[in-house]
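Report on the following structure.
Computed from a predicted model, the values in this text were never measured in an experiment.
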Amino acid sequence: MPDRHGPEDRPDGGAGPKDGQPRVLLLIPSYVKHDVQDKVAANTHPTMDYFALQERMGADLADYRVVEADRGPLVRAARRAGRDAALAMYGFVRRREYDVIFSNGENVSIPLATLFRSTRKRPGHVLIGHHLSPKKKKPFMRSLHPQLDAIFLYAATQKAYAEDILGIPSSKLHLIPFHADTRFYHPGTPIQGMPVENRISSAGLEWRDYPTLIDAVSGMDVEVRLAAASPWSKHKNETANRELPAKVSARRYSYEELRDLYAGSRLVVVPLYDNDFQAGVTTLLEAMAMGKAVIVTQTRGQRDVIQHGVNGIYVPPGDPNAMRSAIISLLACPEQAAELGSNARRTIESEMSLDLWADRISRVALEVGARSAGAK
């Protein structure tokens, strides 16, 4: 085995793995927020999930900033094809230093798996498969899955597609819930005296059907606040450059402002266009962690979180009348809304917390890494 990194050699300056633990590299296709740890400690920012993984696995972590600073000729050449390709090349060049490489998304795992086909020995390769079913990914995932050792999926529809259409062995597929940071998002009194009697809210951009929500609340005596922004989504913001009704507002919210928005809302509504993966899950779980009653569109992909009438309410896609009826019903019955919210919080605590998510991924990734280390 090659020598482990000393602290001065690690891409992120982390603590490193425990003795005997597989060596892990996390490839994160974004700019890692190294400057938020003080805010996390002050409870004004949620824990970033990649830091939760890094802590459990003693992993090295590489992001866009790392590959932009890398002077190796192969990484520099790969940057011409984009940051994700460069991140994949970064992992490939350092493959002998690790027992397992984890990548958060197919955009990095597909080029990394392609590179792994060119070498006889490779580390274990683990990824989160956010959305495997787009047609452009099909030939790649079909041919490259032998270079993938474990794939985490958030939607049962995606797991079925991976197994039935892509031909990926079920032993490699791990259906897990997404997560919410239960320490940051938690039930509590509204901040700054915000009333909860007559306000509903929503958040996010990914596949958001805000026109249906706006139609649903048309003419209602209710304030609607939309945190219509996302650091990840490339979808169009359908609230931008549009005249909104008098009691509907939309803007970007900071994490702390978003938590306050949830706290000051009677209900949280997640309106979605139909799709086959877990779009909307971040907002959904954050609101549930806050102990809020949630109304969410039941799409083909959004079926794995809510038990209708127990910890939330489902409505059909593109149906403003059904959404309006659900909103009116819960506003008129605060006891039912409170019960749904309490059940929602219990669901997050017992099944969908950030800690549980990190534990599930770390256990499988370290098992893959241990097998890889033993084969060397």
Side-chain angles (χ1 to χ4, degrees), residues 25-30 49-50 62-64 67 78-92 95 100-119 122-178 204-208 230-236 272-282 299-304 317 357 361 364-365 368:
L25 174 63
L26 307 180
L27 300 178
I28 306 300
S30 65
D49 54 18
Y50 41 73
D63 67 345
Y64 290 153
V67 299
R79 283 205 297 265
R80 299 190 190 113
R83 293 174 298 188
D84 293 335
L87 198 56
M89 182 61 76
Y90 182 94
F92 179 74
R95 65 191 181 279
V100 60
I101 296 179
F102 167 91
S103 54
N104 189 357
E106 310 92 291
N107 49 331
V108 175
S109 289
I110 286 175
L112 181 58
T114 302
L115 291 166
F116 279 155
R117 293 180 76 173
S118 67
T119 184
R122 64 169 178 85
H125 187 187
V126 177
L127 72 143
I128 294 177
H130 293 280
H131 195 191
L132 302 183
S133 52
K135 290 181 180 180
K136 64 181 180 180
K137 297 180 184 179
K138 185 175 180 180
F140 296 104
M141 295 303 297
R142 272 185 165 176
S143 64
L144 293 173
H145 69 74
Q147 311 301 323
L148 308 172
D149 299 298
I151 305 172
F152 293 98
L153 302 159
Y154 294 136
T157 50
Q158 292 294 297
K159 184 175 184 293
Y161 181 88
E163 190 171 357
D164 299 339
I165 305 301
L166 299 178
I168 301 176
S170 60
S171 60
K172 293 185 176 185
L173 303 173
H174 302 267
L175 180 64
I176 65 169
F178 194 56
L205 280 184
E206 190 78 358
W207 289 87
R208 292 303 192 274
S230 169
W232 306 283
S233 178
K234 297 179 182 178
H235 278 247
K236 178 183 177 182
L272 300 168
Y273 291 109
D274 191 30
N275 65 85
D276 64 352
F277 71 112
Q278 278 274 32
V281 70
T282 299
T299 65
R300 286 169 293 150
Q302 190 51 265
R303 297 172 180 266
D304 303 314
W357 176 88
I361 291 179
V364 173
V368 169

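- Scored by the salt bridge (Lys or Arg N to Asp or Glu O under 4.0 Å) test, Lys137 finds Glu106 as partners (sequence neighbours excluded).
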For Asp63 and Tyr50, run side chain to side chain contact (heavy atoms under 4.5 Å, CB included): C-alpha distance rounded to whole Å, both residues' side-chain angles, the deciding distance at 0.1 Å, then the answer.
CA-CA 11 Å; Asp63 67 345; Tyr50 41 73; over 6 Å; no

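- The minimum heavy-atom distance between Gly167 and His145, with the atom names listed, is O-NE2, 3.4 Å.
- Put simply, the side chain of Thr119 never gets that close to the backbone of Phe116: no donor and acceptor are under 3.5 Å apart.
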What's the verdict on side chain to side chain contact (heavy atoms under 4.5 Å, CB included) for Leu272 and Arg208, showing C-alpha distance, side-chain angles and the deciding distance?
CA-CA 5 Å; Leu272 300 168; Arg208 292 303 192 274; 3.8 Å; yes

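- With Arg303 contributing its side chain and Thr299 its backbone, the two residues share a donor-acceptor pair below 3.5 Å.
- When Thr157, Asp274, Asn275 are each tested for a side-chain hydrogen bond (donor to acceptor under 3.5 Å, both in side chains) with Arg300, only one passes: Asp274.
- Taking both residues in full, the closest heavy atoms of Glu163 and Ser170 are given as OE2-CB, 3.3 Å, listed atom of the first, atom of the second, then distance.
- Considering NZ of Lys138 and CG of Leu166, their distance stands at 7.5 Å, rounded to 0.5 Å.
- At least one side-chain heavy atom of Asp84 sits under 4.5 Å from a side-chain heavy atom of Tyr64.
- Between Gln147 and Ser109, the closest side-chain pair of non-hydrogen atoms is not below 4.5 Å.
- Classification of the His174-Phe152 ring pair by plane angle, with boundaries at 30° and 60°, yields tilted.
- Here the CG-CD1 distance, from Leu153 to Ile128, works out to 9.5 Å after rounding to the nearest 0.5 Å.
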So His130 and Asn107, side chain to side chain contact (heavy atoms under 4.5 Å, CB included) or not? Walk me through it.
CA-CA 10 Å; His130 293 280; Asn107 49 331; over 6 Å; no

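- The minimum heavy-atom distance between Ile151 and Gly129, with the atom names listed, is CG2-N, 4.1 Å.
- A distance-only check finds no donor-acceptor pair linking the side chain of Tyr154 to the backbone of Ile176 [under 3.5 Å].
- To the nearest 0.5 Å, atom CG of residue Leu173 and atom OH of residue Tyr161 are 13.0 Å apart.
- Here the straight-line distance linking atom CE of Met89 with atom CG of Leu115 works out to 4.5 Å at 0.5 Å rounding.
- When atom types are taken as modelled, the side chain of Arg79 and the backbone of Val67 share a donor-acceptor pair closer than 3.5 angstrom.
- Partners of Arg142 according to the salt bridge (Lys or Arg N to Asp or Glu O under 4.0 Å) rule, which considers only residues two or more places apart in sequence or in another chain, do not exist here.
- To the nearest 0.5 Å, atoms OG (Ser30) and CG (Asn104) are separated by 8.0 Å.
- A donor-acceptor pair is defined here as one N or O able to donate and one able to accept, closer than 3.5 Å; such a pair exists between the side chain of Asp149 and the backbone of His125.
- Taking both residues in full, the closest heavy atoms of Ala78 and Ala86 are given as CB-CA, 3.8 Å, listed atom of the first, atom of the second, then distance.
- Shortest non-hydrogen contact noted between Val364 and Ala150 is CG1-CB, 3.8 Å.
- Around the CZ atom of Phe140, the shell of radius 6.0 Å holds no more than 12 heavy atoms that belong to other residues, nucleotides or ligands.
- Considering Leu175, Leu132, Asp304 as possible partners of Gln158, the one that fulfils the side chain to side chain contact (heavy atoms under 4.5 Å, CB included) test is Leu132.
- Between the CG atom in Leu127 and the CD1 atom in Ile101 there is a gap of 12.0 Å [rounded to 0.5 Å].
- Across every non-hydrogen atom of Ala279 and Gln302, the tightest pair is O-NE2, 3.1 Å.
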